[in-house]
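Notes for the one structure printed next.
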Amino acid sequence: MSDTSAAAPLPVDSPVRTLLVGAQMLFVAFGALVLVPLLTGLDPNVALFTAGVGTLVFHGVTRVSVPVFLASSFAFIAPIQGSVANFGIPATLGGLLAAGLVYVAISQLVRLKGTGWLHRLLPPVVVGPVIMVIGLALAPVAVDMATGETSEAIGYGPAIFLSMASLLVTLVLAVFSRGLIRLVPIMGGIATGYVLAVLMGVVDFTPVHQAAWLALPDFVAPSFHWAAILFMLPVAIAPAVEHIGDMVAIGSVTRRNYLDKPGLHRTLLGDGLATSAAALFGGPPNTTYSEVTGAVTLTRAFNPWIMVTTACIAILLSFFGKLGAVLQTIPGPVMGGIMTLLFGSIAVVGMNTLVRAGKPLTAPRNLVVVSLILVFGIGGMQFGNGQFTLQGVSLAALVGIVLNWVLPKADEE
């Protein structure tokens, strides 16, 4: 990761630019943000509200220094489903609140021990492929959305047309446009895909007709039961490890070392408090969004105040029933076309981390570390079962850390 001294000063953006790019970031995150509550039985409007509140909490702790947006964590989907079935929603929320406190405990360990050990624990040969896993592991989700697999009412042909049209417009605006239009390629792609979907008659407006103009989100208070808390606590380890990769990823994009300033202890603390705050209102756990990192990479929107704007828009939107319903009618293939580009952008950031490190990847030691991280993380390898399952990014990171620790250093290092 680049030294903070090499980083350019943050740009001072106009209010119009901040508002437009902030709204675009919410569009990017919206599909995944509401997917988690829809799959787990929680309220999507509450998730929108708690994503905004959680992001504001994060930026309050980190002093508005990291351009990230926090929203619903995919790592908790299966555990939440299991916990709701066994203990109910209020007890599950209590477990999620406790899981957020695990982040807080980890952040204090980082504060006491510093970040030097992190650089030894997570060198580029580990961090690079882990970042690639963060993006590539999500690739099947993007492809399923783009091909209509997640949409009951849209077949393969119309889905491909919508997703590729949205992607093409995004690419053209990102590469060839100038001025203000170049700042909103993702919004342009989504708008184009949505208009085409309306013309094709594949948008269901029933939720819009049924929704009230103004509606209070269906907040749910947590309750505390030891069984639900113990069920949920181990799950916090996985997104905590992923958080480090996300901080490195966004730092690689902006050329700033966020592990040192504001400090990993502050970003972890902000993430943990955001997750606990979400549980207080009945929302899913919050995590830094890889989708938004991809959008930051594409738009070069490095100003953290843009994410504060995104958070405020999310909170306001959660109280406008019809506006939220309209966003929920955006067809999956439209979002899938955009996601194929964003998830690929994350993988490219990981590749760039490896390239800038200058280490020979064909050296046996590096080859073993990178290969196993990629295959374990992307291939679906898992250890354990139930709530103690280790897989995906968390497994990939753990494998890389262990191999980097036990394998002898190569001569060139």
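Computed from a prediction, not measured in an experiment: that's the story for all the values here. Numbering starts at 1 and runs along the sequence shown.
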Give the table of side-chain donor-acceptor pairs shorter than 3.5 Å for residues 210-220, with sequence neighbours excluded, one pair per line with atom names and distance.
none

Next on the checklist: How long is the straight-line distance from CD1 of Ile154 back to CD of Glu152, given to the nearest 0.5 Å?
Outcome noted: 11.0 Å
Next on the checklist: Let me confirm one number: the CD1-CD1 distance from Ile244 to Ile131, rounded to the nearest 0.5 Å.
Outcome noted: 11.5 Å
Checklist entry - Does a sphere of radius 6.0 Å around CE in Met351 hold more than 12 heavy atoms from other residues, nucleotides or ligands, not counting ones at 6.0 Å or beyond? => result no
Item to check | Check against side-chain contact (heavy atoms from CB on, under 4.5 Å), Val308 and Leu56 | outcome: CA-CA 6 Å; Val308 174; Leu56 293 180; 3.8 Å; yes
Checklist outcome for this item: Residues at least two apart in sequence or cross-chain that pass side chain to side chain donor-acceptor pair (under 3.5 Å) with Thr288, listed by chain then number, are Asp246
Checklist outcome for this item: Rounded to the nearest 0.5 angstrom, the CG-CG distance for Leu168 and Leu173 is 9.5 Å
Checklist entry - Applying side chain to side chain donor-acceptor pair (under 3.5 Å), which residue pairs with at least one partner in residues 186-200 are found, sequence neighbours left out? => result Tyr194-Thr329
Checklist entry - Rounded to the nearest 0.5 Å, what separation is found between the CG atom of Leu395 and the CD1 atom of Ile373? => result 10.0 Å
Checklist entry - With a 4.5 Å limit on heavy-atom distance, are the side chains of Leu70 and Thr287 in contact? => result no
Next on the checklist: I need the minimum non-hydrogen distance between Pro285 and Ile80, along with the two atoms involved.
Outcome noted: CD-CD1, 3.8 Å
Checklist entry - With distance as the sole test, does Ser65 use its side chain to make a donor-acceptor pair with the main-chain N or O of Thr62 at under 3.5 Å? => result yes
Checklist entry - Are Leu33 and Phe69 side-chain neighbours, meaning at least one heavy-atom pair lies under 4.5 Å? => result yes
Donor-acceptor pairs under 3.5 Å, side chain of residues 276-283 to any protein atom, not counting sequence neighbours: which ones?
| from | atom 1 | to | atom 2 | distance (Å) |
| --- | --- | --- | --- | --- |
| Ser276 | OG | Leu97 | O | 2.9 |
| Ser276 | OG | Gly272 | O | 3.4 |

Item to check | Residues that Thr92 engages under side chain to side chain donor-acceptor pair (under 3.5 Å), provided they are two or more places apart | outcome: Ser83
Checklist entry - Can you name the residues that form a side chain to side chain donor-acceptor pair (under 3.5 Å) with Asp204, not counting sequence neighbours? => result Thr206
All N/O donor-acceptor pairs, side-chain side in residues 309-320, below 3.5 Å, sequence neighbours left out:
| from | atom 1 | to | atom 2 | distance (Å) |
| --- | --- | --- | --- | --- |
| Thr309 | OG1 | Trp305 | O | 3.0 |
| Thr310 | OG1 | Gly22 | O | 2.8 |
| Thr310 | OG1 | Ile306 | O | 3.0 |
| Ser318 | OG | Ile315 | O | 2.6 |

Item to check | Pairing residues for Thr267 by the side chain to side chain donor-acceptor pair (under 3.5 Å) criterion, not counting sequence neighbours | outcome: His243
Next on the checklist: A quick test of your reading: do over 12 heavy atoms of other residues, nucleotides or ligands sit less than 6.0 Å from CZ of Phe205?
Outcome noted: yes
Which side-chain N or O atoms in residues 332-342 pair as donor and acceptor under 3.5 Å with protein atoms at least two apart or in another chain?
| from | atom 1 | to | atom 2 | distance (Å) |
| --- | --- | --- | --- | --- |
| Thr340 | OG1 | Gly337 | O | 2.6 |

Item to check | side chain to side chain donor-acceptor pair (under 3.5 Å): pairs with one or both residues in residues 162-173, sequence neighbours excluded | outcome: none
Checklist entry - Any side-chain heavy-atom pair from Met25 and Tyr289 closer than 4.5 angstrom? => result no
Checklist entry - Does any non-hydrogen side-chain atom of Pro67 lie less than 4.5 Å from one of Ile250? => result yes
Checklist entry - Atom CG of Asn366 and atom CG of Leu361: how far apart are they, to the nearest 0.5 Å? => result 6.5 Å
Next on the checklist: Run the side-chain contact (heavy atoms from CB on, under 4.5 Å) test against Trp226 and tell me which residues pass, sequence neighbours left out.
Outcome noted: none
Item to check | Test item: Met247 and Val68 side chains (from C-beta on) under 4.5 Å apart, heavy atoms | outcome: yes
Checklist entry - Which atom names give the shortest non-hydrogen contact between Pro129 and Leu354, and what distance separates them? => result CD-CD2, 3.8 Å
Checklist entry - Is any side-chain heavy atom of Asn404 less than 4.5 Å from a side-chain heavy atom of Pro123? => result yes
Checklist entry - Looking at residues at least two apart in the chain, or sitting in another chain, which of them share a side-chain contact (heavy atoms from CB on, under 4.5 Å) with Ser223? => result Pro90, Ala91, His225
Checklist entry - Does Pro331 reach the side chain of Ser151, with side-chain heavy atoms less than 4.5 Å apart? => result no
Next on the checklist: Could you tell me if the side chain of Arg17 sits less than 4.5 Å from the side chain of Asn303, heavy atoms only?
Outcome noted: no
Checklist entry - How long is the span from the CD1 atom in Ile378 to the CG atom in Leu136, to the nearest 0.5 Å? => result 4.5 Å
Next on the checklist: Which heavy atom of Phe58 sits nearest to which heavy atom of Gly270, and what is that distance?
Outcome noted: CD1-C, 3.7 Å
Next on the checklist: Please find the pair of heavy atoms, one from Leu269 and one from Ser107, that lie closest to each other, and give the distance.
Outcome noted: N-CB, 3.5 Å
Next on the checklist: Give me the atom names and distance for the closest heavy-atom approach of Pro304 to His59.
Outcome noted: O-CE1, 4.1 Å
Item to check | Least distance between heavy atoms, Pro158 atom then Met200 atom | outcome: CB-CE, 3.5 Å
